[in-house]
Amino acid sequence: MNYKDTVFLPRTDFPMRGGLPTKEPQILQNWQDIDIYKKLREARKDAPRFTLHDGPPYANGQLHIGHALNKILKDVVNRSQSMLGKNANYVPGWDCHGLPIEWKIEEQYRKKGKDKDAVPVAEFRQECRDFAVHWLGVQSEEFQRLGVLGDWQNPYTTMAYAAEAKIAEELGRILMDGSLYRGAKPVMWSPVEKTALAEAEIEYEDYTSTTIYARFPVTHAAHAALEGASIIIWTTTPWTMPANRAVAYGDDISYQVTEVLAANDGALCGKGDVVVIADDLADSVISAIGASETKIRAHVMGREMTGSVAAHPMAGHGYDFDVPLLAGSHVTTEQGTGFVHIAPGHGVEDYELAHLKHGIAVPDTVGEDGVILPHLPVFGGMHVLRDNAKIAEIMAEHKGVIGIGKLVHSYPHSWRSKAPLIFRNTAQWFVSMELHGLRDIALGELAKTKFYPAAGQKRLTSMIAQRPDWCLSRQRTWGVPLTIFAHKQTGEPLRDPAVHARIVEAMKAEGADCWFMSEASRFLGDDYNPDDYEKITDILDVWFDSGSTHSFVLEDRDDLESPADLYLEGSDQHRGWFHSSLLQSCSTRARAPYKAVLTHGFVLDEQGRKMSKSLGNVVTPQKVMGQNGADILRLWVVSSDYYNDLRIGAEIIKRTTDNYRRFRNTLRYLLGALDGFDADEKLGYADMPELEKWVLHRLASIDAAIREMTETYDFHGIFSELHQFCNSDLSAFYFEIRKDTLYCDNPDATARRACRTVMDEVFNRLTAWLAPILCFTAEEAWQSRHADINQSVHLRSYDPVPADWHNDTVAAKWAQIRKARQVVMSALETARNDGKIGASLQATPMVYILADMQAAFAGQDAASLFITSSATLSSDAAPDGAFRLDAIDDVAVVVAVADGEKCARCWKITPEVSADVDICGRCQDVVSAQS
RNA sequence: AGGCGCGUAGCUCAGUUGGUUAGAGCGCACGACUGAUAAUCGUGAGGUCGGCAGUUCAAAUCUGCCCGUGCCUACCA
């Protein structure tokens with residue numbers, strides 16, 4: 001007779017294969033149909049809040065894998081906080097202003113042969129706005145496809161009128177309190193386009209420069225050897241000489257004071273010249289200036305020059321100021337003379353050394369068209385790029401230069417006009433780091449901020465400690481304007497709250513465009529004469545926009561909290577959003593906008609190389625979602641150490657899919673085993689076998705671990721814990737042991753009811769634990785038992801754990817049992833390899849164990865734990881040939897073949913079965929009860 | 001070039017304040033089962049812990065240097 005129909009095999013509709021790429025969109029649709037976001041808000045409206053503030057991605061293209069990593073992590077944080085019972089509202093946002101979009105629109109113009117400067121500002125800005133709207137929509141779709149839950153109907157953007165107005169209002173705060181000031185800074189400037197250029201607009205091409213060796217006669221020598229000598233510098237930009245204000249040396253560089261005894265014909269130097277140059281470069285300098293015979297008078301270390309002063313090469317011709325010698329850490333002896341001429345208006349390092357470090361004023365020497373300003377002696381009216389040779393010659397005539405040459409080198413050019421660029425001093429607006437103690441406030445706040453991982457604190461702290469004042473202005477179009485009126489005479493900004501309030505009000509209604517479109521009088525009102533003021537047309541650094549999100553998102557929305565519990569971004573945002581948000585908030589509110597900061601690494605390919613089109617190793621989230629599903633991507637995130645760089649590629653995706661299948665099959669088995677289970681079948685804790693109590697103990701300890709790891713955002717730990725649980729505890733151990741009970745026992749048998757009661761608990765908890773990670777699969781599994789979509793798994797929280805589940809005594813006992821079981825398994829394998837047995841049910845092991853382990857087995861059916869037909873435990877000494885494992889020497893096993901016949905129903909081998917009865921006693925009872 | 005990180009089995013990761021023979025899961029190999037079946041179970045083989053040098057009775061762990069690699073910042077006067 002075939003007994004298969006009398007056996008209670010697992011039964012479920014939950015498919016073994018996920019088919020995620022098609023299943024996930026359906027689940028997504030269901031969530032949208034019931035508006036799960038709103039339902040969750042309603043359900044948690046009185047719960048304590050958890051606010052993860054979304055750092056806005058830039059709205060200018062398709063998502064890449066880094067976006068996916070970031071948003072998945074955020075979603076796992078939010079969903080797991082929600083599972084803890086918190087109200088974790090998530091409001092996604094976008095960064096919309098800025099150069100990349102402006103640039104894209106300009107590119108489109110070029111293709112159409114349109115001139116940007118001929119297009120009205122408002123029209124250009126509208127096109128930028130439209131562009132951002134488009135990509136914002138695309139990205140929103142893709143984020144949602146990843147399973148990210150949030151207020152996608154009402155996201156925030158930095159270009160919303162309210163946001164623009166608020167950003168201007170924030171600027172007003174630092175304008176009114178005086179920490180905003182107008183200063184000067186050298187920037188990359190195109191004399192052709194007459195505008196500042198950003199990094200991305202610069203390309204490097206070979207360019208031939210006139211080079212000069214210029215002479216700075218020492219007027220005050222800190223070291224006697226320098227008396228009467230001249231410091232020699234080398235530069236490729238003779239036009240910066242009028243702007244020279246210092247010369248830098250290297251502290252640790254050895255210099256020589258060398259006298260020229262004879263020179264070649266036509267050389268600019270001559271007998272009697274005494275020059276100071278670096279030892280390492282002496283040969284090349286001497287030959288470059290054409291000296292044929294020289295004599296070293298002395299050697300001087302750079303640091304011995306401290307306090308020395310020189311005269312300008314053009315001293316006596318209108319350049320009659322002191323040129324101090326300063327120590328510069330950037331000075332090298334790779335090229336030149338070992339001295340670097342410092343023009344604070346024409347180089348960032350020059351600016352930092354002369355102006356920021358030594359307080360030397362930055363002179364204006366070059367106009368926006370690249371012409372040296374007319375009031376400058378000798379060189380006024382000359383062009384900085386075209387007239388270099390002329391400048392060099394004039395200087396040589398005045399003995400200011402003792403060598404002229406040419407150099408072909410890589411030089412910055414405009415991406416647009418292809419014209420060479422210069423560094424030019426420009427008026428810019430800054431937030432002072434010191435004036436109102438911004439730096440100290442920020443550092444103090446950082447010390448109070450929790451960092452995940454901890455190293456982030458050091459990184460951000462050292463950046464804040466070292467950074468210069470924040471330059472807020474950009475000579476650009478697509479952004480929030482610096483809503484400032486500067487007095488034409490004094491240059492001072494107008495600090496009138498009433499005027500600024502008018503500006504902000506107008507922007508709320510009309511957007512930032514109104515600043516560009518309106519006459520100054522509209523905002524200045526009757527109190528000021530518009531002719532006295534310059535309306536600044538610069539826009540704000542976009543980092544000020546995104547740095548202000550805490551104000552127009554966290555503070556302005558009732559459903560969010562400020563400061564945020566967490567900011568979570570890639571490690572590049574130490575320099576970016578973490579940084580700008582901190583400074584913005586500290587300058588306006590004297591506190592950090594976040595309580596904690598989490599950073600994740602970057603995504604690399606399988607070999608640990610960065611992804612690039614040329615390497616062909618780019619993995620896109622769209623492709624992974626389309627081929628494997630979003631849950632695979634989500635599982636990949638948590639199975640990686642996301643505090644470090646992550647890797648992804650074909651094999652890693654394959655391994656992730658393997659891991660996914662383990663979770664899926666575990667859920668599937670539970671569903672099958674729980675077929676038809678209802679509340680009446682449940683059994684109380686006291687009535688359960690110890691194995692079930694052990695499983696409940698595991699649930700209790702995993703629950704505690706998961707709650708703790710959720711608080712510390714250790715999702716990788718949660719993944720490991722759950723994976724281990726499904727693999728080792730459930731699949732290979734508990735399920736395996738209980739198959740006989742589940743399949744063959746009578747439905748109302750205590751053991752079977754206990755097993756199903758526990759499996760129900762396991763299922764309930766496992767789905768909740770997995771829900772933040774495998775948000776689709778957990779829902780699919782949950783729904784297959786709770787068909788009402790309104791009972792979504794994501795509306796649940798982690799179930800409370802009854803106190804008596806935690807049971808260390810049971811845990812210790814079962815650790816012993818599993819140890820003995822391991823030896824038995826190994827012994828059975830040996831017997832199997834010897835051909836003695838096939839299935840373990842064919843065996844009956846004799847297990848020799850010590851007294852304490854005997855105690856662990858007390859009351860247990862050892863055979864069912866070993867999945868053998870019978871088993872004997874003995875405290876006798878084991879016979880010589882008994883099987884042992886090296887690592888576990890207190891257990892020995894002798895495997896014998898089980899005695900009897902195979903029960904046709906439960907497949908155990910037992911003497912109860914004979915030629916007359918083909919099933920065992922237990923099975924007879926069950927079968928007869930069925931009919 | 002500078003700042004901050006990272007480098008443990010084919011893959012993803014654990015490795016507490018330095019202390020027995022460096023662990024887990026997956027994959028792989030072999031085997032079992034055919035009542036989780038495009039599953040499941042068992043057993044096993046894989047590591048000079050990036051390299052070199054040092055401190056120590058003892059180093060994956062501490063120190064230095066080097067190599068590789070990532071993020072950030074800069075530079076080519």
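Chain letters run A, B, ... following the sequence lines, proteins first, then strands; residues in each count from 1. All values reported here derive from a predicted model rather than from experimental measurement. Excluded from the calculations below are hydrogen atoms, water molecules and symmetry mates; all remaining heavy atoms, backbone and side chain alike, are included.
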Legend entry - Euclidean distance for C1', B/G47 against B/U12 (whole angstrom): 16 Å

Inset, instruction - Using a heavy-atom cut-off of under 4.0 Å over every strand shown, decide if A/Phe735 touches base, sugar-phosphate, or nothing. - result: base

Inset, instruction - Could you work out the separation of B/C65 and B/U20 based on their C1' atoms and round it to a whole Å? - result: 32 Å

Inset, instruction - Respond yes when some side-chain nitrogen or oxygen of A/Lys654 is under 4.0 Å from OP1 or OP2 of B/C26, and no when none is. - result: no

Legend entry - Length of the CD-C1' vector between A/Glu829 and B/C33, whole Å: 12 Å

Inset, instruction - Identify which one of A/Val276, A/Val275, A/Ile402, A/Ile233 satisfies the side-chain contact (heavy atoms from CB on, under 4.5 Å) criterion when paired with A/Arg215. - result: A/Ile402

Inset, instruction - Using a heavy-atom cut-off of under 4.0 Å over every strand shown, decide if A/Arg467 touches base, sugar-phosphate, or nothing. - result: nothing

Legend entry - For B/U73, the Watson-Crick or wobble counterpart (both distances under 3.5 Å): B/A1

Inset, instruction - Please work out if A/Arg575 contacts a base, only the sugar-phosphate, or nothing of the nucleic acid, heavy-atom cut-off 4.0 Å. - result: sugar-phosphate

Inset, instruction - Look at the side chain of A/Arg668 against the base of B/A36 and say whether a donor-acceptor pair falls under 3.5 Å; ignore hydrogens and angles. - result: no

Inset, instruction - Scan A/His723 against the nucleic acid and name what it touches under 4.0 Å (heavy atoms): base, sugar-phosphate only, or nothing. - result: sugar-phosphate

Legend entry - Flag for A/Arg905-A/Thr6: side-chain donor and acceptor within less than 3.5 Å: yes

Inset, instruction - Take atom CG of A/Asp834 as the centre, draw a 6.0 Å sphere, and report whether it contains more than 12 heavy atoms from other residues, nucleotides or ligands. - result: yes

Inset, instruction - Starting at atom CZ of A/Arg459, determine the distance to atom C1' of B/C72, rounded to an integer number of angstrom. - result: 5 Å

Inset, instruction - With heavy atoms under 4.0 Å as the rule, sort A/Lys4 into base, sugar-phosphate or nothing. - result: base

Legend entry - Under-4.0 Å side-chain N/O to phosphate OP1/OP2 contact, A/Arg664 with B/A36: no

Legend entry - Phosphate OP1/OP2 of B/G5: any A/Tyr643 side-chain N/O under 4.0 Å: no

Legend entry - Syn or anti for B/G7 (syn when the glycosidic angle lies within 90° of 0): anti

Inset, instruction - Find the distance A/Leu460:CG to B/C71:P and express it as a whole number of Å. - result: 18 Å

Inset, instruction - Could you check if a side-chain atom of A/Thr211 sits within less than 4.5 angstrom of a side-chain atom of A/Trp234, using non-hydrogen atoms only? - result: yes

Inset, instruction - For B/C71, take OP1 and OP2 only and decide whether either is under 4.0 Å from a side-chain N or O of A/Lys610. - result: yes

Inset, instruction - Name the nucleic acid region contacted by A/Arg661, choosing base, sugar-phosphate or nothing; use a 4.0 angstrom heavy-atom cut-off, strictly under. - result: sugar-phosphate

Inset, instruction - Once you apply the 3.5 Å cut-off to both distances, tell me the Watson-Crick or G-U wobble partner of B/G18, or none. - result: none

Inset, instruction - For B/C76 and B/G15, measure between their P atoms and round to the nearest Å. - result: 45 Å

Legend entry - N or O in side chain of A/Asn665 less than 4.0 angstrom from B/U40 OP1/OP2: yes

Inset, instruction - Answer with base, sugar-phosphate or nothing: what part of the nucleic acid does A/Gly336 contact at a heavy-atom distance below 4.0 Å? - result: nothing

Legend entry - Lys/Arg cation over aromatic A/Phe763: A/Arg785, 6.0 Å, 45° cone: yes

Legend entry - Whole-Å distance separating the CE atom of A/Met16 from the P atom of B/A39: 6 Å

Legend entry - Quiz item: A/Ser731 side-chain donor-acceptor pair to B/A36 base, under 3.5 Å: yes

Inset, instruction - Hey, could you give me each pair passing ring pair (Phe, Tyr, Trp, His ring centres under 6.0 Å) that has a residue in residues 652-673 of chain A? Not counting sequence neighbours. - result: A/Phe663-A/His723, A/Tyr669-A/Phe735

Legend entry - Length of the line joining A/Tyr452:OH and B/C4:P, which is rounded to integer Å: 24 Å

Legend entry - P-based separation of B/G64 from B/G3 [nearest Å]: 13 Å

Inset, instruction - Nearest-nucleotide wise, let me know which of A/Tyr743 and A/Tyr642 is further upstream toward the 5' end of RNA chain B. - result: A/Tyr642

Inset, instruction - Using heavy atoms to find the nearest nucleotide of RNA chain B for A/Leu828 and A/Ser720 separately, return the residue whose nucleotide is more 5′. - result: A/Ser720

Legend entry - B/G27: pairing nucleotide in any strand, Watson-Crick or G-U under 3.5 angstrom: none

Inset, instruction - Report which part of the nucleic acid A/Thr337 touches: base, sugar-phosphate, or nothing (heavy-atom distance under 4.0 Å, all strands). - result: nothing

Inset, instruction - Give a yes or no on whether A/Glu708 atom CD has more than 12 heavy-atom contacts from other residues, nucleotides or ligands under 6.0 Å away. - result: no

Inset, instruction - Classify the nucleic acid contact of A/Gly838 as base, sugar-phosphate or nothing, counting any heavy atom under 4.0 Å across all strands shown. - result: sugar-phosphate

Inset, instruction - Pick the P atom in B/G19 and in B/U63, then give their distance to the nearest Å. - result: 15 Å

Inset, instruction - Report which part of the nucleic acid A/Trp636 touches: base, sugar-phosphate, or nothing (heavy-atom distance under 4.0 Å, all strands). - result: nothing

Inset, instruction - Classify the nucleic acid contact of A/Phe602 as base, sugar-phosphate or nothing, counting any heavy atom under 4.0 Å across all strands shown. - result: sugar-phosphate

Legend entry - Cation-aromatic face contact A/Arg821/A/Phe866, 6.0 Å, 45 degrees: no

Inset, instruction - Grab the NE2-P distance between A/His600 and B/G70 for me, whole Å please. - result: 17 Å

Inset, instruction - Output yes when at least one side-chain N/O atom of A/Thr656 is less than 4.0 Å from OP1 or OP2 of B/U12, else no. - result: no

Inset, instruction - Whole angstrom is fine here: how far is it from CG in A/Asp641 over to C1' in B/G25? - result: 16 Å

Inset, instruction - Specify the separation, in whole Å, of atom CG of A/Asn727 and atom P of B/A36. - result: 17 Å

Legend entry - B/C41 phosphate, OP1 or OP2, under 4.0 Å from A/Arg662 side-chain N/O: yes

